[in-house]
Colleague: 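Below is one structure. I have some questions about it.
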There are 2 protein chains.
Amino acid sequence: MTTDDKTEELLQRLRDKGFRITSQRETVIRIFQENKEKHLSAEDVYEILSKSNEAISLATTYRTLRMLVDMNVLRELDFAETHKHYELIDENEAPHHHIICLDCNHTIEFENDEINELGKKIAKQYNVDIVDMQFQIFGKCPSIPKDDNRKHRH
Amino acid sequence: MTTDDKTEELLQRLRDKGFRITSQRETVIRIFQENKEKHLSAEDVYEILSKSNEAISLATTYRTLRMLVDMNVLRELDFAETHKHYELIDENEAPHHHIICLDCNHTIEFENDEINELGKKIAKQYNVDIVDMQFQIFGKCPSIPKDDNRKHRH
DNA sequence: TTGAGTGCAAATCCTTTGCAGGCGG
DNA sequence: CCGCCTGCAAAGGATTTGCACTCAA
(Lines give C-alpha, C1' and ligand atoms only; values in the text may rest on other atoms or scores of the structure.)
Protein backbone atom coordinates (compact mmCIF):
# COMPACT_ATOMS: atom_id res chain seq x y z
CA MET A 1 0.00 0.00 0.00
CA THR A 2 1.39 3.42 -0.92
CA THR A 3 1.58 6.31 1.50
CA ASP A 4 -1.18 8.04 -0.44
CA ASP A 5 -3.44 5.02 -0.10
CA LYS A 6 -2.70 4.92 3.59
CA THR A 7 -3.45 8.62 3.97
CA GLU A 8 -6.74 8.21 2.16
CA GLU A 9 -7.62 5.26 4.38
CA LEU A 10 -6.99 7.31 7.53
CA LEU A 11 -8.95 10.29 6.20
CA GLN A 12 -11.82 7.98 5.34
CA ARG A 13 -11.79 6.72 8.88
CA LEU A 14 -12.25 10.30 10.12
CA ARG A 15 -15.04 10.93 7.64
CA ASP A 16 -16.80 7.76 8.74
CA LYS A 17 -16.82 9.00 12.29
CA GLY A 18 -18.31 12.29 11.22
CA PHE A 19 -15.18 14.40 11.50
CA ARG A 20 -14.47 17.01 8.86
CA ILE A 21 -11.39 16.85 6.72
CA THR A 22 -9.55 20.11 7.16
CA SER A 23 -6.19 21.05 5.74
CA GLN A 24 -4.81 21.15 9.29
CA ARG A 25 -5.81 17.56 9.93
CA GLU A 26 -4.44 16.33 6.64
CA THR A 27 -1.20 18.14 7.33
CA VAL A 28 -0.71 16.65 10.79
CA ILE A 29 -1.31 13.14 9.48
CA ARG A 30 1.17 13.76 6.66
CA ILE A 31 3.82 14.96 9.13
CA PHE A 32 3.58 11.68 11.02
CA GLN A 33 3.77 9.68 7.80
CA GLU A 34 6.88 11.58 6.79
CA ASN A 35 8.41 10.88 10.20
CA LYS A 36 7.44 7.28 10.78
CA GLU A 37 10.54 6.45 12.77
CA LYS A 38 10.29 9.50 15.04
CA HIS A 39 8.37 10.13 18.24
CA LEU A 40 7.14 13.67 17.71
CA SER A 41 5.77 15.79 20.51
CA ALA A 42 3.03 18.38 20.03
CA GLU A 43 5.69 21.05 20.09
CA ASP A 44 7.71 19.16 17.45
CA VAL A 45 4.75 19.03 15.09
CA TYR A 46 3.99 22.68 15.69
CA GLU A 47 7.58 23.69 14.99
CA ILE A 48 7.88 21.64 11.83
CA LEU A 49 4.77 23.30 10.46
CA SER A 50 5.76 26.77 11.64
CA LYS A 51 8.83 26.57 9.46
CA SER A 52 6.75 25.55 6.45
CA ASN A 53 3.98 27.50 4.81
CA GLU A 54 1.33 25.36 6.47
CA ALA A 55 1.57 26.77 9.97
CA ILE A 56 -1.24 25.80 12.32
CA SER A 57 -1.88 26.99 15.86
CA LEU A 58 -0.61 25.13 18.90
CA ALA A 59 -4.17 24.74 20.13
CA THR A 60 -5.19 23.00 16.93
CA THR A 61 -2.08 20.85 17.09
CA TYR A 62 -3.07 19.61 20.53
CA ARG A 63 -6.71 19.18 19.55
CA THR A 64 -5.74 17.21 16.46
CA LEU A 65 -3.31 14.97 18.32
CA ARG A 66 -5.91 14.14 20.93
CA MET A 67 -8.47 13.37 18.28
CA LEU A 68 -6.06 11.12 16.39
CA VAL A 69 -5.21 9.24 19.59
CA ASP A 70 -8.90 8.71 20.28
CA MET A 71 -9.29 7.49 16.70
CA ASN A 72 -6.45 5.02 17.19
CA VAL A 73 -4.43 6.67 14.45
CA LEU A 74 -1.69 7.73 16.83
CA ARG A 75 -0.23 6.11 19.92
CA GLU A 76 0.64 8.31 22.89
CA LEU A 77 4.02 7.55 24.41
CA ASP A 78 5.35 8.35 27.89
CA PHE A 79 9.09 8.68 28.11
CA ALA A 80 9.32 9.91 31.70
CA GLU A 81 9.47 13.48 30.47
CA THR A 82 7.09 16.34 31.14
CA HIS A 83 5.54 16.14 27.72
CA LYS A 84 4.13 13.32 25.61
CA HIS A 85 5.28 11.89 22.32
CA TYR A 86 3.21 10.42 19.51
CA GLU A 87 3.71 7.90 16.74
CA LEU A 88 1.59 6.43 13.94
CA ILE A 89 -0.09 3.16 14.74
CA ASP A 90 0.51 0.68 11.98
CA GLU A 91 -2.03 -2.05 12.43
CA ASN A 92 -0.04 -4.52 10.42
CA GLU A 93 2.90 -4.18 12.75
CA ALA A 94 3.32 -5.78 16.13
CA PRO A 95 3.57 -3.35 19.06
CA HIS A 96 7.10 -2.16 19.57
CA HIS A 97 8.82 -1.05 22.70
CA HIS A 98 11.45 1.43 23.77
CA ILE A 99 14.78 1.81 25.46
CA ILE A 100 15.14 5.33 26.83
CA CYS A 101 18.51 6.77 27.80
CA LEU A 102 18.22 8.79 31.00
CA ASP A 103 21.31 10.78 30.10
CA CYS A 104 20.63 11.88 26.54
CA ASN A 105 16.92 11.06 26.11
CA HIS A 106 17.69 9.10 22.99
CA THR A 107 15.22 6.28 22.38
CA ILE A 108 15.70 2.99 20.61
CA GLU A 109 12.72 1.08 19.32
CA PHE A 110 12.64 -2.65 19.39
CA GLU A 111 10.17 -5.39 18.69
CA ASN A 112 9.88 -8.55 20.66
CA ASP A 113 7.15 -11.07 20.13
CA GLU A 114 7.83 -12.85 23.38
CA ILE A 115 6.97 -9.66 25.25
CA ASN A 116 3.84 -9.10 23.20
CA GLU A 117 2.68 -12.64 23.86
CA LEU A 118 3.44 -12.35 27.57
CA GLY A 119 1.49 -9.10 27.68
CA LYS A 120 -1.54 -10.71 26.08
CA LYS A 121 -1.33 -13.68 28.41
CA ILE A 122 -1.11 -11.53 31.50
CA ALA A 123 -3.99 -9.30 30.41
CA LYS A 124 -6.11 -12.38 29.90
CA GLN A 125 -5.14 -13.69 33.33
CA TYR A 126 -6.43 -10.49 34.90
CA ASN A 127 -9.48 -10.40 32.68
CA VAL A 128 -8.44 -7.09 31.16
CA ASP A 129 -9.42 -6.03 27.67
CA ILE A 130 -6.07 -4.95 26.30
CA VAL A 131 -5.84 -1.64 24.43
CA ASP A 132 -2.11 -1.14 24.22
CA MET A 133 1.07 -2.15 25.94
CA GLN A 134 4.46 -0.56 26.38
CA PHE A 135 7.64 -2.02 27.69
CA GLN A 136 10.17 0.61 28.62
CA ILE A 137 13.74 0.04 29.58
CA PHE A 138 15.37 3.05 31.25
CA GLY A 139 19.12 3.09 31.25
CA LYS A 140 22.37 4.72 30.28
CA CYS A 141 23.54 4.25 26.73
CA PRO A 142 27.31 4.12 26.34
CA SER A 143 27.10 3.76 22.61
CA ILE A 144 23.93 5.24 21.24
CA PRO A 145 24.61 8.01 18.72
CA LYS A 146 23.39 11.28 20.19
CA ASP A 147 21.51 12.52 17.18
CA ASP A 148 19.04 14.71 18.95
CA ASN A 149 19.54 17.64 21.24
CA ARG A 150 16.49 17.71 23.43
CA LYS A 151 16.86 18.90 26.99
CA HIS A 152 18.31 16.40 29.40
CA ARG A 153 16.05 15.11 32.08
CA HIS A 154 18.29 15.27 35.12
CA MET B 1 14.41 -6.28 58.76
CA THR B 2 11.90 -4.10 60.61
CA THR B 3 10.43 -0.93 59.16
CA ASP B 4 12.49 1.09 61.63
CA ASP B 5 15.68 -0.61 60.49
CA LYS B 6 14.74 0.09 56.90
CA THR B 7 14.01 3.73 57.68
CA GLU B 8 17.36 4.09 59.42
CA GLU B 9 19.10 2.51 56.45
CA LEU B 10 17.49 4.96 54.04
CA LEU B 11 18.27 7.95 56.26
CA GLN B 12 21.86 6.76 56.49
CA ARG B 13 22.02 6.68 52.74
CA LEU B 14 20.98 10.35 52.64
CA ARG B 15 23.55 11.25 55.32
CA ASP B 16 26.27 9.47 53.38
CA LYS B 17 25.52 11.59 50.35
CA GLY B 18 25.76 14.75 52.43
CA PHE B 19 22.04 15.46 52.69
CA ARG B 20 20.64 16.71 55.98
CA ILE B 21 18.00 14.75 57.83
CA THR B 22 15.03 17.04 58.30
CA SER B 23 11.69 16.16 59.83
CA GLN B 24 10.11 16.77 56.42
CA ARG B 25 12.32 14.17 54.75
CA GLU B 26 11.78 11.61 57.50
CA THR B 27 8.06 12.17 57.26
CA VAL B 28 7.89 11.68 53.49
CA ILE B 29 9.87 8.45 53.72
CA ARG B 30 7.58 7.23 56.49
CA ILE B 31 4.48 7.97 54.41
CA PHE B 32 5.79 5.74 51.63
CA GLN B 33 6.63 2.98 54.09
CA GLU B 34 3.13 3.17 55.51
CA ASN B 35 1.71 2.95 51.97
CA LYS B 36 3.92 0.33 50.40
CA GLU B 37 1.21 -1.01 48.14
CA LYS B 38 0.09 2.43 46.88
CA HIS B 39 1.38 4.64 44.11
CA LEU B 40 1.21 8.06 45.71
CA SER B 41 1.45 11.26 43.71
CA ALA B 42 3.04 14.45 45.04
CA GLU B 43 -0.43 15.79 45.70
CA ASP B 44 -1.37 12.60 47.57
CA VAL B 45 1.62 12.92 49.88
CA TYR B 46 0.89 16.60 50.44
CA GLU B 47 -2.75 15.90 51.28
CA ILE B 48 -2.00 13.06 53.66
CA LEU B 49 0.37 15.30 55.59
CA SER B 50 -1.95 18.31 55.46
CA LYS B 51 -4.53 16.33 57.37
CA SER B 52 -2.00 15.36 60.02
CA ASN B 53 -0.04 17.67 62.27
CA GLU B 54 3.08 17.28 60.15
CA ALA B 55 2.05 19.44 57.21
CA ILE B 56 4.81 20.36 54.77
CA SER B 57 4.65 22.66 51.78
CA LEU B 58 3.92 21.43 48.27
CA ALA B 59 7.26 22.83 47.11
CA THR B 60 9.12 20.76 49.68
CA THR B 61 7.05 17.73 48.79
CA TYR B 62 8.15 18.02 45.17
CA ARG B 63 11.76 18.75 46.11
CA THR B 64 11.86 15.76 48.43
CA LEU B 65 10.31 13.40 45.90
CA ARG B 66 12.81 14.42 43.27
CA MET B 67 15.69 13.95 45.66
CA LEU B 68 14.45 10.51 46.70
CA VAL B 69 14.11 9.46 43.07
CA ASP B 70 17.67 10.61 42.38
CA MET B 71 18.78 8.65 45.45
CA ASN B 72 17.05 5.54 44.13
CA VAL B 73 14.78 5.42 47.16
CA LEU B 74 11.65 5.99 45.11
CA ARG B 75 10.67 4.91 41.63
CA GLU B 76 8.81 7.36 39.41
CA LEU B 77 5.85 5.84 37.61
CA ASP B 78 4.07 7.05 34.48
CA PHE B 79 0.48 5.95 34.19
CA ALA B 80 -0.43 8.04 31.13
CA GLU B 81 -1.88 10.71 33.40
CA THR B 82 -0.89 14.34 33.73
CA HIS B 83 0.94 13.76 37.00
CA LYS B 84 3.49 11.21 38.19
CA HIS B 85 3.24 8.54 40.84
CA TYR B 86 5.91 7.25 43.16
CA GLU B 87 6.62 4.03 45.05
CA LEU B 88 9.35 2.76 47.36
CA ILE B 89 12.09 0.76 45.67
CA ASP B 90 12.66 -2.46 47.54
CA GLU B 91 15.99 -3.76 46.38
CA ASN B 92 15.22 -7.28 47.51
CA GLU B 93 12.19 -7.45 45.29
CA ALA B 94 12.13 -8.06 41.58
CA PRO B 95 10.79 -5.16 39.51
CA HIS B 96 7.04 -5.28 39.20
CA HIS B 97 4.82 -4.04 36.44
CA HIS B 98 1.40 -2.53 36.02
CA ILE B 99 -1.93 -2.94 34.32
CA ILE B 100 -3.69 0.41 34.05
CA CYS B 101 -7.40 0.69 33.38
CA LEU B 102 -8.07 3.55 30.97
CA ASP B 103 -11.62 3.86 32.25
CA CYS B 104 -11.21 3.99 35.99
CA ASN B 105 -7.45 4.55 36.38
CA HIS B 106 -7.22 1.60 38.71
CA THR B 107 -3.84 -0.12 38.59
CA ILE B 108 -2.93 -3.73 39.24
CA GLU B 109 0.65 -4.64 40.08
CA PHE B 110 2.11 -7.88 38.89
CA GLU B 111 5.47 -9.53 38.87
CA ASN B 112 6.78 -11.62 36.07
CA ASP B 113 10.28 -13.00 35.96
CA GLU B 114 10.11 -13.82 32.30
CA ILE B 115 9.60 -10.13 31.53
CA ASN B 116 12.42 -9.10 33.84
CA GLU B 117 14.77 -11.56 32.21
CA LEU B 118 13.73 -10.48 28.74
CA GLY B 119 14.32 -6.86 29.71
CA LYS B 120 17.82 -7.62 30.93
CA LYS B 121 18.59 -9.61 27.82
CA ILE B 122 17.40 -6.87 25.51
CA ALA B 123 19.30 -4.16 27.39
CA LYS B 124 22.45 -6.22 27.08
CA GLN B 125 21.83 -6.71 23.37
CA TYR B 126 21.74 -2.95 22.90
CA ASN B 127 24.66 -2.41 25.23
CA VAL B 128 22.55 -0.34 27.61
CA ASP B 129 23.29 -0.12 31.31
CA ILE B 130 19.85 -0.83 32.75
CA VAL B 131 18.52 1.42 35.51
CA ASP B 132 14.89 0.39 35.66
CA MET B 133 12.21 -1.14 33.51
CA GLN B 134 8.46 -0.90 33.36
CA PHE B 135 5.98 -2.96 31.49
CA GLN B 136 2.60 -1.33 31.23
CA ILE B 137 -0.56 -2.86 29.94
CA PHE B 138 -3.28 -0.34 29.16
CA GLY B 139 -6.78 -1.71 28.94
CA LYS B 140 -10.34 -1.79 30.16
CA CYS B 141 -11.05 -3.73 33.31
CA PRO B 142 -14.46 -5.36 33.39
CA SER B 143 -13.95 -6.73 36.85
CA ILE B 144 -11.51 -4.64 38.81
CA PRO B 145 -13.06 -3.22 41.97
CA LYS B 146 -13.23 0.55 41.64
CA ASP B 147 -11.81 1.42 45.04
CA ASP B 148 -10.43 4.78 44.13
CA ASN B 149 -12.10 7.88 42.83
CA ARG B 150 -9.40 9.73 40.97
CA LYS B 151 -10.41 11.73 37.93
CA HIS B 152 -10.97 9.76 34.80
CA ARG B 153 -8.55 10.34 31.98
CA HIS B 154 -10.88 10.63 29.03
C1' DT C 1 27.97 29.54 63.05
C1' DT C 2 26.70 28.65 58.28
C1' DG C 3 24.97 27.00 54.30
C1' DA C 4 21.50 23.41 53.09
C1' DG C 5 16.58 23.15 53.49
C1' DT C 6 12.09 25.31 53.96
C1' DG C 7 7.76 28.00 52.99
C1' DC C 8 5.61 31.20 50.26
C1' DA C 9 4.37 33.24 46.12
C1' DA C 10 5.50 33.97 41.60
C1' DA C 11 7.03 31.83 37.51
C1' DT C 12 7.24 28.23 34.08
C1' DC C 13 5.96 24.45 31.23
C1' DC C 14 2.62 21.82 28.91
C1' DT C 15 -2.00 21.51 27.72
C1' DT C 16 -6.91 22.84 27.59
C1' DT C 17 -10.74 25.98 26.91
C1' DG C 18 -14.02 30.11 25.77
C1' DC C 19 -15.24 32.75 22.25
C1' DA C 20 -15.77 34.99 17.79
C1' DG C 21 -15.01 34.32 13.13
C1' DG C 22 -14.02 30.86 9.12
C1' DC C 23 -15.06 27.13 6.06
C1' DG C 24 -16.28 22.06 4.91
C1' DG C 25 -20.10 19.36 3.61
C1' DC D 1 -26.26 27.87 5.37
C1' DC D 2 -25.31 25.26 9.56
C1' DG D 3 -22.46 23.87 12.89
C1' DC D 4 -17.88 21.86 13.30
C1' DC D 5 -13.09 23.83 13.31
C1' DT D 6 -9.82 27.19 13.90
C1' DG D 7 -6.87 30.83 15.99
C1' DC D 8 -6.12 33.68 19.66
C1' DA D 9 -5.59 34.67 24.25
C1' DA D 10 -6.63 33.48 28.68
C1' DA D 11 -7.09 29.79 31.96
C1' DG D 12 -5.62 25.58 34.05
C1' DG D 13 -2.95 21.83 36.33
C1' DA D 14 1.50 20.14 37.64
C1' DT D 15 5.93 21.30 38.85
C1' DT D 16 9.89 24.45 39.57
C1' DT D 17 12.23 28.49 41.28
C1' DG D 18 13.76 33.07 43.72
C1' DC D 19 14.17 34.82 48.00
C1' DA D 20 14.40 35.56 52.86
C1' DC D 21 14.26 32.98 56.90
C1' DT D 22 15.18 28.66 59.66
C1' DC D 23 17.61 24.98 61.64
C1' DA D 24 20.67 20.59 61.33
C1' DA D 25 25.30 19.61 61.88
Colleague: When all nucleic acid strands are considered with a 4.0 Å heavy-atom cut-off, which category describes B:R63: base, sugar-phosphate, or nothing?
Modeller: base
Colleague: Distance check, rounded to the nearest 0.5 Å: A:Y46 atom OH versus A:I56 atom CD1?
Modeller: 9.5 Å
Colleague: Over how many whole Å does the gap from A:M67 atom CE to D:dC4 atom P extend?
Modeller: 13 Å
Colleague: Where each residue is assigned the nucleotide of DNA chain D containing its nearest heavy atom, which of A:F19 and A:T82 is assigned the position nearer the 5′ end?
Modeller: A:F19
Colleague: What is the separation between atom NE2 on B:H83 and atom C1' on C:dC14, rounded to the nearest whole Å?
Modeller: 15 Å
Colleague: Establish, with yes or no, whether the OP1 or OP2 oxygen of C:dT15 is under 4.0 angstrom from a side-chain nitrogen or oxygen of A:Y62.
Modeller: yes
Colleague: Can you figure out which of D:dC5, D:dT16, C:dG7 approaches the side chain of B:I56 most closely?
Modeller: C:dG7
Colleague: Taking atom P of D:dA14 as reference, at what distance in whole Å does atom NZ of B:K84 sit?
Modeller: 13 Å
Colleague: B:S57 side chain: which of C:dT15, C:dC8, D:dT15 is closest?
Modeller: C:dC8
Colleague: Where the side chain of B:T60 is defined as all heavy atoms beyond and including C-beta, which of C:dG7, D:dC5, D:dT17 is the nearest nucleotide?
Modeller: C:dG7
Colleague: With a 4.0 Å limit, can you tell me whether B:R66 has a side-chain N or O closer than that to the phosphate oxygens OP1/OP2 of D:dT17?
Modeller: yes
Colleague: Side chains of B:R75 and B:V69: does their closest heavy-atom pair fall under 4.5 Å?
Modeller: no
Colleague: What is the distance, to the nearest angstrom, from the OH atom on A:Y46 to the P atom on D:dG7?
Modeller: 10 Å
Colleague: Would you classify A:Q24 as touching base, sugar-phosphate or nothing, given that sugar-phosphate means primed atoms plus P, OP1 and OP2, and contacts are heavy atoms under 4.0 Å?
Modeller: sugar-phosphate
Colleague: Quick check for you: to the nearest 0.5 Å, what is the distance between A:F135 atom CZ and A:I99 atom CD1?
Modeller: 9.0 Å
Colleague: When you get a sec, tell me which of D:dA25, D:dG3, C:dT17 is the closest nucleotide to the side chain of A:A59?
Modeller: C:dT17
Colleague: How many whole angstroms separate atom CZ of B:R20 from atom C1' of C:dT2?
Modeller: 7 Å
Colleague: Kindly indicate, with the supporting measurements, whether the criterion salt bridge (charged side-chain N to carboxylate O under 4.0 Å, His left out) is fulfilled by A:K121 and A:E117.
Modeller: CA-CA 6 Å; A:K121 204 176 85 186; A:E117 290 310 314; over 6 Å; no
Colleague: Rounded off to whole Å, could you give me the CD1-to-C1' distance for the B:I21 and D:dA25 pair?
Modeller: 11 Å
Colleague: Can you tell me how far P of D:dA24 sits from CG of B:L14, to the nearest Å?
Modeller: 15 Å
Colleague: From the options C:dT15, D:dC5, C:dT6, select the nucleotide whose nearest atom is closest to the side chain of B:T22.
Modeller: C:dT6
Colleague: Rounded to whole Å, how long is the line connecting atom CD of A:E26 with atom C1' of C:dC23?
Modeller: 14 Å
Colleague: Within a strict 4.5 Å, meaning less than it, do heavy atoms of the A:L49 and A:T61 side chains meet?
Modeller: no
